[in-house]
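Order of the sequence lines sets the chain letters (A, B, ...), proteins ahead of strands, with each chain counted from 1.
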Amino acid sequence: MDKFAIKKRKVPGKPGELRERRGGRRRRTGTPPPLTLLSTDVRPVWRHVAAEGLDCDYAVIFTRSEADDIFLRLEEELEYFSGDLSRVQVYGKWYQIPRKQVAHGDPRLTYKYSGVTLSPKPWLPVLERIRERVRETTGHVFNFVLINRYQDGKDHIGEHRDDERELEQGSPIASVSFGASRDFVFRHGSARGGGSRRRQGRLEPIKLLLEHGGLLLMNHPTNVHWYHSLPVRKRVLAPRVNLTFARSCVSARIDRDGRPPLQSFPPPARTKSLHSGQR
DNA sequence: CTCTTTCAATCGC
DNA sequence: GGCGATTGAAAGA
């Protein structure tokens, strides 16, 4: 709790109001500080990423050793969705999604992804540790996290916007990365689709490198007009785990008489949406 | 009922 | 290796 010593102070150009205390005297020669202090003695350096309708902040918020430790724990402890929850239909054909995916969050929240309603699994200590650091560095509290694991550079995610309809109005989305660095691309909605190359005055794509221990904060209204993707990178051979934190306001329907909703996992199939055979 | 949005692989350059 | 264009059924507004 006091490991990542911070104190409140307004700092221009920062996404949050919090900033770590500067501890310059710690690096005296001959008296190395305890490893736990050394490993967290980092002040995040924020980079603001802005364009027309795009407002993001990026910083590495974990030291190398913290990130190494967290990455190992994530690899050991996470169990990703499988079966119907990891398949998607595109242009009439069914595919395994080109990555692994799992959701954790407060009980009774739901999350819709490509027509499938996911119930998040309960929080794990390593996830709460990450969430707490994000809160310390941004001032925002999140109640849900969608985790994507990219085995190597062939795993990817196509262009999409994060659906803000289910999020609390105006709340940002925090994307935290561990493992291999990967390119990340924003494209404006008007720059997509056929013929867009010829259009004058179009907005150029914005490319970022998401690093081990890095946090990308996507502020409103970024996700309204800008799409983002994690493109294939054939030369990347190592895995990356990404955690997208959000503040959801969608609790499972019911609540009419305060009855706790039964965990629907998988949700009762109201439609035939998960079956490829029937046609 | 109509309209909009969404996903990933494949092919050509 | 990378990028743009192309492929449609299903869901939700």
*Asks:* Between A:Ser248 and A:Glu166, do the side chains contain an N or O donor and an N or O acceptor separated by less than 3.5 Å?
*Replies:* no
*Asks:* Looking at the rings of A:His228 and A:Phe184, which for Trp means the six-membered one, are their centres under 6.0 Å apart?
*Replies:* yes
*Asks:* More 5' along DNA chain C: A:Val232 or A:Arg165, using each one's nearest nucleotide?
*Replies:* A:Val232
*Asks:* Could you go through nucleotides 11-13 of chain B and list every protein N or O atom that sits under 3.5 Å from one of its N or O atoms, giving the distance for each pair?
*Replies:*
none

*Asks:* Under 4.0 Å between a Lys/Arg side-chain N and an Asp/Glu carboxylate O for A:Arg133 and A:Glu66?
*Replies:* yes
*Asks:* Can you check the A:Leu230 CG to C:dG2 C1' distance for me, whole Å?
*Replies:* 14 Å
*Asks:* Less than 4.5 Å apart, side chain to side chain, heavy atoms only: is that true for A:Lys121 and A:Glu79?
*Replies:* yes
*Asks:* Over how many whole Å does the gap from A:Glu166 atom CD to B:dT5 atom C1' extend?
*Replies:* 15 Å
*Asks:* Mind calculating the distance between CG (A:Asp163) and P (B:dT6) to the nearest angstrom?
*Replies:* 8 Å
*Asks:* Might you list the N or O atoms of the protein lying below 3.5 Å from N or O atoms in nucleotides 7-9 of chain B, with each pair's distance?
*Replies:*
| unit_1 | atom_1 | unit_2 | atom_2 | d |
| --- | --- | --- | --- | --- |
| B:dA8 | OP1 | A:Arg99 | NH1 | 2.8 |
| B:dA8 | OP1 | A:Arg99 | NH2 | 3.1 |
| B:dA8 | OP2 | A:Gly158 | N | 2.9 |
| B:dA9 | OP2 | A:His156 | NE2 | 3.1 |

*Asks:* Between A:Arg192 (CZ) and C:dT6 (P), how many Å, whole number?
*Replies:* 14 Å
*Asks:* Ring centres under 6.0 Å, that's the criterion: do A:Trp123 and A:His104 meet it?
*Replies:* no
*Asks:* Keeping A:His48 on the side-chain end and A:Asp57 on the backbone end, is there a donor-acceptor pair under 3.5 Å?
*Replies:* no
*Asks:* Report yes if a side-chain nitrogen or oxygen of A:Lys207 is closer than 4.0 Å to either non-bridging phosphate oxygen (OP1 or OP2) of C:dC3; otherwise report no.
*Replies:* yes
*Asks:* Report the relative orientation of the aromatic rings in A:His225 and A:His188; use parallel for angles under 30°, tilted for 30 to 60°, perpendicular for over 60°.
*Replies:* parallel
*Asks:* Between A:Asn143 and A:Asp106, is any side-chain donor less than 3.5 angstrom from a side-chain acceptor?
*Replies:* no
